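The chains referred to below are lettered A, B, ... by the order of the sequence lines, with proteins before strands, and numbering in each begins at 1. This one's a predicted model, so the numbers in the text were calculated from it and none came from an experiment.
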Amino acid sequence: MTYKSEFLNTLNERGFIHQCSNLDELDKKLREGVQSAYIGFDATAKSLHVGNLTGIMMLYWFQQCGHKPITLMGGGTSKIGDPSFKDEQRKLMDDATIEDNMQNIRNTCFKQFLNYGDGPTDALMVNNNDWLDDLKYLDFLRDYGRYFTVNRMLSFDSVKQRLERESPLSLLEFNYMVMQGYDFLELYRNYGTILQMGGSDQWGNIINGVDLAHKSDQTQLFALTAPLLTTPDGKKMGKTENGAVWLNAEMLSPYDYYQYWRNVDDVMVGTLLRRFTILPISEIEKLEALEGQEINEAKKVLAFEATKMCHGEDAAKNAETTAIKTFEEGAAGGDLPVFEVNLNDGILFIDAFIESQLVGSKGEARRMIQQNGAKINGESVNDPNYKITISDITAEDYVKISAGKKKHALLKRAS
RNA sequence: GGAGGAGUGGCAGAGCGGUCAAUUGCACCUGACUGUAAAUCAGGCGACUUCGGUCUACGGUGGUUCAAAUCCAUCCUCCUCCA
């Protein structure tokens with residue numbers, strides 16, 4: 001299927017389109033001139049993670065195609081908590097924390113992908129707290145509450161799941177979808193925003209806004225969702241053993257970010273290249289065609305390009321160099337975490353593990369050593385009481401310790 | 001407000017006075033095989049340890065007992081039915 005608008009064509013060939021409330025009409029609108037679209041983001045952490053990247057990329061392309069992207073921060077809704085597919089209630093947050101998170105997200109995450117400013121196609125960041133905070137309960141119920149039926153709200157997957165699991169769903173959280181629907185209306189009225197995008201799990205919430213605008217303002221707004229990324233065994237993307245894959249370099253180093261992409265499943269490579277790099281489709285098709293061991297080449301490109309998008313070209317190059325040194329030459333690269341220790345007195349291998357945060361406890365370190373997973377300068381060491389001293393320092397003036405094959409750290413002597 | 005039921009490790013879910021740091025599945029970690037992949041196989045999976053043990057844990061708090069995740073009381077939370 002081809003579209004008339006550049007935006008939809010781009011999204012389509014890159015695998016971003018899952019559901020749309022009215023594709024033809026949206027296609028037409030997008031050709032009529034500059035439009036604005038938004039995606040809502042959570043402000044519960046001080047960084048976004050790769051789970052948000054699909055949305056960010058959609059806004060990226062939206063802007064590249066000559067439109068105005070709006071990033072809506074859920075400052076107000078963060079006070080409530082999205083019940084979608086969560087088993088437990090989210091903890092509530094105070095204003096100061098939320099505000100702090102928002103600034104962080106804007107300056108470290110969005111900035112790499114979107115151009116903010118005052119121009120017609122410059123990105124805009126708004127906080128729904130600005131209008132939600134002042135709502136008067138009775139007025140709101142009278143003006144908008146009448147457009148929502150509980151019957152329908154109960155039929156949403158996000159709610160159904162919660163009820164089926166007999167997990168508590170408070171009225172507070174139940175209201176989340178009403179708030180989110182109202183956001184859309186508010187953005188339409190203030191900025192003429194006609195489109196809300198998101199992951200397919202947000203479909204219900206988005207449609208709420210579309211319906212609300214239709215009923216209250218007799219206008220047609222649009223919903224567009226992207227397929228949720230899952231690995232072949234059905235797991236959600238974006239989590240590692242250690243938690244979320246953050247976009248903020250302070251919370252996850254560019255090297256680790258690079259490694260995340262470098263280690264994705266074979267079968268995901270094509271999808272991810274389309275979605276998270278801006279390489280021309282023709283080039284992606286070539287990379288996708290690689291088989292067997294050669295897929296690694298495609299993964300390197302993916303890792304490099306994705307890291308470049310998020311952290312810039314220099315950081316991507318450093319990460320790549322470190323990866324090559326570490327994995328292909330068995331040496332060590334500059335991006336590995338470095339810890340200064342007093343090597344004159346020596347340090348127990350086990351303690352060095354703890355110190356470098358490669359493991360969480362001494363017991364775990366012992367296990368690692370017993371199971372042959374612990375290495376010093378690439379050599380397995382089986383003695384749990386081994387003491388690292390100056391004699392372990394390599395010609396490059398460091399000691400490399402490894403937990404398993406992928407986690408490495410450098411020890412340097414404290415000066 | 002009334003009557004029942006339930007709260008166990010990241011999740012699911014056994015145990016129902018000692019042999020329980022707690023069966024099992026999923027998740028996770030390490031090793032082998034590979035390609036920094038997947039699948040498969042082997043081992044591991046509370047903390048500390050002089051590897052003998054020690055400590056903290058089965059919603060909270062008290063209690064019974066030589067001994068409690070298991071019994072009692074009370075509080076909290078959730079579920080179902082009734083008002």
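Applying the salt bridge (charged side-chain N to carboxylate O under 4.0 Å, His left out) definition to pairs two or more places apart or across chains, those involving residues 267-277 of chain A are A:Arg274-A:Glu288. Within the structure, the salt bridge (charged side-chain N to carboxylate O under 4.0 Å, His left out) test picks out the following pairs touching residues 245-259 of chain A (sequence neighbours left out): A:Lys46-A:Glu250.
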Identify the pairs formed between an N or O of the protein and an N or O of nucleotides 50-58 of chain B at a distance under 3.5 Å, and give each distance.
| residue | atom | partner | partner atom | Å |
| --- | --- | --- | --- | --- |
| B:C51 | N4 | A:Arg366 | NE | 3.2 |

Between the protein and nucleotides 40-43 of chain B, which nitrogen or oxygen pairs are less than 3.5 angstrom apart?
| residue | atom | partner | partner atom | Å |
| --- | --- | --- | --- | --- |
| B:G43 | N2 | A:Gln371 | OE1 | 3.3 |
| B:G43 | N2 | A:Gln371 | NE2 | 3.4 |
| B:G43 | N3 | A:Gln371 | OE1 | 3.4 |

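B:C51 is unpaired under the Watson-Crick or G-U wobble criterion, no partner having all donor-acceptor distances under 3.5 Å. Under the Watson-Crick or G-U wobble criterion, with both distances below 3.5 Å, B:C26 is paired with B:G10. Pair assignment for B:U80 gives B:A3, based on Watson-Crick or G-U wobble hydrogen-bonding distances that are each under 3.5 Å. Of all nucleotides present, only B:A32 satisfies the Watson-Crick or G-U wobble test against B:U40, with each distance under 3.5 Å. Summarising the base pairing, B:U74 is matched to B:G60 through a Watson-Crick or G-U wobble pair whose two defining distances lie under 3.5 Å.
With contacts defined as side-chain heavy-atom distances shorter than 4.5 Å, the pair A:Pro69/A:Tyr38 does not qualify.
Taking side-chain N and O atoms only, A:Lys362 has no distance below 4.0 Å to OP1 or OP2 of B:G46. Listed pair A:Ser361 / B:C48 meets the phosphate criterion, a side-chain N or O lying under 4.0 Å from OP1 or OP2. Within the 4.0 Å cut-off from OP1 or OP2 of B:A37, at least one side-chain nitrogen or oxygen of A:Lys406 is found.
Qualifying ring-ring contact (aromatic ring centres under 6.0 Å, His included) partners for A:Phe41, counting only residues two or more places apart in sequence or in other chains: A:Phe110. Annotation: ring-ring contact (aromatic ring centres under 6.0 Å, His included) contacts of A:Phe140 (sequence neighbours excluded): A:Tyr144, A:Tyr182. Shown here are the side chain to side chain contact (heavy atoms under 4.5 Å, CB included) partners of A:Thr108, two or more places apart in sequence or in another chain: A:Asn104, A:Asn248. Partners of A:Asp211 according to the side chain to side chain contact (heavy atoms under 4.5 Å, CB included) rule, which considers only residues two or more places apart in sequence or in another chain, are A:Arg152, A:Ile207.
In this structure, A:Leu287 places its CG atom 16 Å from C1' of B:A37, rounding to the nearest Å.
Listed nucleotides B:G35, B:U36, B:G31 differ in distance to A:Lys405; the shortest reach to its side chain belongs to B:G31. Of the listed nucleotides (B:A47, B:A37, B:G31), B:G31 has the atom at the smallest distance from the side chain of A:Lys375.
Classified by interplanar angle (parallel below 30°, tilted 30° to 60°, perpendicular above 60°), the ring pair A:Phe276/A:Trp261 is tilted.
Near-neighbour residues of RNA chain B inside residues 249-256 of chain A, defined by a heavy atom below 4.0 Å, are absent. For RNA chain B, no neighbouring residue in residues 307-318 of chain A is found when judged by any heavy atom under 4.0 Å. Contacts between residues 288-296 of chain A and RNA chain B, defined by a heavy-atom separation under 4.0 Å, are made by A:Gly292, A:Gln293, A:Asn296.
Put simply, the side chain of A:Gln259 and the base of B:U36 share a donor and an acceptor less than 3.5 Å apart.
For the 3.5 Å distance criterion, the side chains of A:Thr225 and A:Ser200 fail to qualify, holding no donor opposite an acceptor. No side-chain donor-acceptor contact under 3.5 Å links A:Glu6 and A:Gln64.
Side chain of A:Gln63 to main chain of A:Thr121: a donor-acceptor pair is present (N/O by atom type, distance under 3.5 Å, no hydrogens or angles).
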Would you mind writing out the side-chain donor-acceptor pairs for residues 342-357 of chain A within the sub-3.5 Å range, not counting sequence neighbours?
| residue | atom | partner | partner atom | Å |
| --- | --- | --- | --- | --- |
| A:Asn342 | OD1 | A:Asn344 | N | 3.1 |
| A:Asn342 | OD1 | A:Asp345 | N | 3.3 |
| A:Asn342 | ND2 | A:Asp345 | OD2 | 3.3 |
| A:Ser356 | OG | A:Ala352 | O | 2.8 |
| A:Ser356 | OG | A:Phe353 | O | 3.1 |

